[in-house]
Undergrad: 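Once you've had a glance at the structure underneath, I'll fire off some questions.
Remember, it's 1-based here, ligands and their atoms both numbered in the order they're listed. When a residue number appears, it is its place in the shown sequence, counting from 1.
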Amino acid sequence: MKFVSAQEIFKQAGSRKGLPAWTYNNDELTRLEMEQVFLRNWIFIGHVSDLPNSGDYQCFAMADERAVVVRDQDGQLRAFHNVCRHRASRVVGDDKGHCGKAFICPFHGWSYNLDGSLKNIPKTDAFPEIDKSQFGLKSLDCEVWQGMIFIRFGGEGPAVAELFAEAAEEIGLYRIEEMQPLDKPYQYNFDLDWKAVLDIDNEGYHVPVGHPELFDLVGASYTDQPLEGGLNRSVGVINQRKHRLERNRDYVAALPQDSYLPESHQNLWIYWGLFPGFVLTLFPDQIEIYQIYPTGNQKSVMAGVTYALPDKRAEMQKARELNRDINMDVGNEDIRLVQWAAEGMRSSAFDEVLLSDLELGIGSFQNRLREVLPVVTLDQEPEVGSLQEENERLQSQASVAAVG
Ligand code: FES
Ligand SMILES: [Fe+2]
């Protein structure tokens, strides 16, 4: 794996100031982030075991777009726009469910096969003759990688497998495709910009002070390692120190000795981050996947879910329970800190941030964002109504410079 140094990251950023405060509270920018960042990159939908049977479906919506992922009759996972070809109703209204052998639009009853093709139009004689093959549901990119399902609304970037290429060997150790859901999915709704939530996740500098209990578990071993290809890896070793807290001692002791993982990975907590807001956490006892994304100006979501290999051993059950408790506390600590930092950035007292070498993950994430949306490099907030235009101007300037 080729890691990038803090020096390289901040050199590319041009400073250690981070993004200007206005970028954390701007309606037009949020809209552009949804359309040009999230809707053009891969979005995690779930695990193959979440949709085990043909006809099982799962939806996702962002900005004006709505998607449905379904397992078809051949067992293949497919993604479509959840938009009826008649008059645009959703063809399925629930977030998740089972539709049998076809989607039947709840408005007038047009039906679609699970491969998206149009099956039937009620009272078809009332329509002029139409070529049914032209009226299937519009498909979306869908990729299953190591048991995880991703969709993409647009954009032409690399496949998930390519993006994760450098991590594939390590992630492959965990046999994610064989896992089953562990706990119920969770969702936090924040009245904050999605970047404010993600920033805390992109750096481990806050761990010793912000998460005393997690720090007792991993100590100074915790490091952030952004990769050249754009992935971020963070890692902590859980058995290198004498733990002060009983819960941490119990957790490490409860992990079964005969793990399916190689020795190198039996005592690591690893976090793999993929731009813009996807995080895969690999624990010796389970995995957790979460995603942070915007839902509006000053509105964002962190949605997560855990999976594990079936394992009924009492010590494994105990380890999983303790892991859940530890991470629940870490999550609550993060929520409070995120809230306070975001509040402060709106205050008249706030000038700019100063990022350390230990916050290089934030620098690396922000560099990616600057490439896609150069408007975030402006110190001053663009005038209302001009942000998109301003962004296009900066984009064309950058491409001229690149050609030159
Ligand atoms: S909108 Fe779907 S059948 Fe009319
Ligand atoms: Fe944290």
Undergrad: By the salt bridge (Lys or Arg N to Asp or Glu O under 4.0 Å) test, which pairs, at least two apart or in different chains, include something from residues 114-127?
TA: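 Sorted result for residues 114-127: empty, none.
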Undergrad: Does a side-chain heavy-atom distance below 4.5 Å link Tyr307 with Asp50?
TA: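 Heavy-atom side-chain distance check passes, below 4.5 Å.
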Undergrad: Testing the basics here: between Leu268 and Ile238, what is the closest heavy-atom pair and its distance to 0.1 Å?
TA: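 Looking at all heavy atoms of both residues, the shortest contact is N-CG1, 4.5 Å.
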Undergrad: Write out all pairs satisfying salt bridge (Lys or Arg N to Asp or Glu O under 4.0 Å) with one or both partners inside residues 85-110, taking only residues at least two apart or from two chains.
TA: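 The answer is none; no pair qualifies.
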Undergrad: Any luck finding a side-chain donor-acceptor pair between Glu381 and Asn26 under 3.5 Å?
TA: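 Their side chains do contain a donor-acceptor pair, which is all the 3.5 Å distance test asks for.
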Undergrad: Is Arg241 close enough and on-axis enough to Phe215, meaning under 6.0 Å and within 45°, for cation-pi?
TA: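 Geometry flag: set, cation within 6.0 Å and 45°.
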Undergrad: Decide whether Trp194 and Glu33 meet the rule of one side-chain donor and one side-chain acceptor closer than 3.5 Å.
TA: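 Yes - a donor-acceptor pair under 3.5 Å links their side chains.
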Undergrad: Over all heavy atoms of both residues, which pair between Tyr24 and Gln298 is shortest? Give the atoms and the distance, please.
TA: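 For Tyr24 and Gln298, the tightest heavy-atom pair comes out as O-NE2, 2.6 Å.
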Undergrad: Distances under 2.8 Å only: what protein N/O/S atoms are near atom 4 (Fe) of ligand 1, ordered by chain and residue?
TA: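 Protein N, O or S atoms closer than 2.8 Å to atom 4 (Fe) of ligand 1: His86 ND1, His108 ND1.
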Undergrad: What protein N/O/S atoms are there under 2.8 Å from the Fe ion (ligand 2), waters excluded?
TA: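 Within the sphere that stays under 2.8 Å of the Fe ion (ligand 2), the protein atoms of type N, O or S are His206 NE2, His211 NE2, Asp334 OD1, Asp334 OD2.
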Undergrad: Parallel, tilted or perpendicular for Phe44 and Phe150, by the 30°/60° rule?
TA: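 Rings of Phe44 and Phe150: perpendicular, as their planes differ by over 60°.
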